[in-house]
There are 2 protein chains.
Amino acid sequence: MKDISKAEYEVLNALWEKYPASANDLIATLNIIKPWHDKTVKTLLNRLVKKEAVGFQKEKRKYLYYPLLEKEAYTQYESKSLIERLFSGRVSPLIAGFAKNQELKKEDISQLKEIISQWEKEND
Amino acid sequence: MKDISKAEYEVLNALWEKYPASANDLIATLNIIKPWHDKTVKTLLNRLVKKEAVGFQKEKRKYLYYPLLEKEAYTQYESKSLIERLFSGRVSPLIAGFAKNQELKKEDISQLKEIISQWEKEND
DNA sequence: CACCAATGATTACATTTGTAATCATTGGTG
DNA sequence: CACCAATGATTACAAATGTAATCATTGGTG
């Protein structure tokens with residue numbers, strides 16, 4: 001998987017939210033959260049195309065872009081890379097850090113319990 | 001917190017494992033896992049000094065380096081940044097991804113349960 | 001003392017990334 | 001048809017990053 005930079009990720013994430021999308025669609029969506037010039041968005045979009053994370057279909061002069069890389073595949077890859085790099089591949093130290101720094105809510109705990117419960121149903 | 005690149009992190013991680021350490025100590029340690037030229041390690045070390053992640057004490061011509069940035073602070077910051085960026089600040093989707101992709105072991109589950117149990121003792 | 005290797009400081013260069021600007025083409029409108 | 005704005009393609013430039021090389025200084029040794 002080719003590396004996708006943080007700025008590129010923002011563009012790709014906007015596309016995952018809604019596609020197919022034109023460059024102008026994405027520029028409008030991103031303008032809500034990032035004060036980026038439209039030229040910046042177009043460049044990042046073109047880099048994503050070059051990296052084969054995004055494809056497009058021509059419709060007259062307008063291009064309609066769609067993701068080639070799935071959000072889940074990407075988030076899993078990035079998560080795993082970070083866990084590997086920082087925690088020798090173990091997820092528990094990451095969660096322990098969140099717990100220690102009071103960054104877990106009751107809702108998070110419930111959700112984790114649910115995931116564990118489901119895992120046990122499928123694996124124990 | 002100043003961004004620490006992946007290569008810089010490797011040097012810093014070697015230092016966290018054992019400090020104070022000379023440049024040569026680090027070069028030797030890193031040589032085990034990375035085929036880096038010694039000049040590369042020195043450059044990365046100097047960049048870490050510039051970023052104030054690392055300090056040093058002179059001992060004749062030899063410098064003994066030590067971390068200024070704590071491993072836990074860094075790993076928590078990076079973890080949180082990733083979770084914020086990819087999962088809107090929620091840890092459960094990250095764990096759910098690991099579960100879904102069969103990347104959790106029984107041992108991970110035990111550890112997560114322990115963390116949850118501890119959290120509940122301190123917060124419920 | 002002279003020499004040399006060791007050590008850190010500084011420089012180098014290619015690639016990647018962030019944030020644009022400029023250029024070329026082309027639909028649409030008057 | 002001419003013109004112009006829209007649209008994508010290409011270029012630009014600074015900073016960060018990866019991976020070095022070169023330079024300046026200085027301990028240690030013969």
Side-chain angles (χ1 to χ4, degrees), chain A residues 1-15 19-66 69 74 78 81-82 85, chain B residues 1-15 19-66 68-69 74 77-78 81-82 85:
Chain A
M1 188 182 291
K2 290 173 194 171
D3 271 4
I4 289 175
S5 72
K6 285 176 184 169
E8 287 162 354
Y9 169 79
E10 293 295 324
V11 175
L12 184 54
N13 197 34
L15 187 58
Y19 66 88
S22 69
N24 281 341
D25 294 335
L26 293 168
I27 287 161
T29 301
L30 285 159
N31 204 265
I32 298 167
I33 54 175
K34 290 250 172 202
W36 275 342
H37 203 285
D38 64 339
K39 294 166 177 50
T40 301
V41 176
K42 286 182 184 181
T43 300
L44 295 170
L45 198 43
N46 272 300
R47 286 182 187 169
L48 286 167
V49 168
K50 285 245 168 56
K51 291 182 180 183
E52 296 178 324
V54 166
F56 61 82
Q57 245 182 338
K58 295 186 190 183
E59 207 174 274
K60 293 190 181 188
R61 81 164 68 176
K62 195 174 294 240
Y63 286 19
L64 290 185
Y65 296 93
Y66 55 88
L69 172 62
Y74 178 73
E78 280 293 305
S81 294
L82 182 96
R85 198 163 68 84
Chain B
M1 187 181 295
K2 290 172 194 170
D3 271 6
I4 289 175
S5 71
K6 284 175 186 172
E8 288 163 352
Y9 168 79
E10 294 295 326
V11 175
L12 184 53
N13 196 33
L15 187 58
Y19 66 89
S22 68
N24 281 343
D25 294 336
L26 293 168
I27 287 161
T29 301
L30 285 158
N31 204 264
I32 298 166
I33 54 175
K34 289 247 174 205
W36 276 340
H37 202 285
D38 64 340
K39 294 163 176 50
T40 301
V41 176
K42 287 182 182 180
T43 300
L44 295 171
L45 198 42
N46 271 299
R47 287 183 185 168
L48 285 167
V49 167
K50 286 251 165 57
K51 292 183 178 181
E52 296 179 324
V54 166
F56 60 82
Q57 248 184 333
K58 294 186 192 186
E59 206 173 275
K60 293 191 180 185
R61 82 167 64 180
K62 194 175 295 243
Y63 286 19
L64 291 185
Y65 296 92
Y66 54 89
L68 290 175
L69 172 62
Y74 177 74
Y77 175 80
E78 281 293 302
S81 293
L82 182 98
R85 195 163 72 85

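Below, read A as the first sequence line, B as the second, and so on, with proteins coming before strands; counting in each chain starts at 1.
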Considering every strand shown, what is the Watson-Crick or G-U wobble mate of C/dG30 when both distances are under 3.5 Å?
-> D/dC1
Taking all atoms of both residues into account, what is the closest heavy-atom pair of B/R85 and A/Y9, and its distance?
-> O-OH, 3.2 Å
Applying a 3.5 Å limit to both distances, which nucleotide forms a Watson-Crick or G-U wobble pair with C/dT16?
-> D/dA15
In residues 37-56 of chain A, what residues come within less than 4.0 Å of DNA chain C, judged by heavy atoms?
-> A/H37, A/K39, A/T40, A/T43, A/L44, A/R47, A/K51
C/dT7 phosphate, OP1 or OP2: any side-chain N/O from B/S22 under 4.0 angstrom?
-> no
Find the partner of D/dT25: check Watson-Crick (N1-N3 plus N6-O4 or O6-N4) and G-U wobble (N1-O2, O6-N3) distances, both under 3.5 Å, and reply none if neither fits.
-> C/dA6
Hey, is the side chain of A/N24 poking within less than 4.0 Å of OP1 or OP2 on D/dT7, counting only N and O atoms?
-> yes
B/W36 vs D/dT19: side-chain N/O to OP1/OP2 distance below 4.0 Å = yes
Can any side-chain N or O of B/N13 pair as donor or acceptor with the backbone N or O of B/E10 at less than 3.5 Å?
-> no
Would you list the pairs meeting ring pair (Phe, Tyr, Trp, His ring centres under 6.0 Å) in which at least one residue belongs to residues 37-57 of chain A, sequence neighbours left out?
-> A/F56-A/Y63, A/F56-A/Y65
A/Q57 CD to D/dG8 C1', straight-line distance once rounded to whole Å | 16 Å
Each nucleotide of nucleotides 23-30 of chain C classed B (base within 4.0 Å of a protein heavy atom), S (only sugar-phosphate) or -, in 5' to 3' order, makes ---BBS--
Closest non-hydrogen atom pair between A/K51 and A/D3, with its separation = NZ-O, 2.7 Å
Atom OH of A/Y66 with >12 non-hydrogen neighbours under 6.0 angstrom | yes
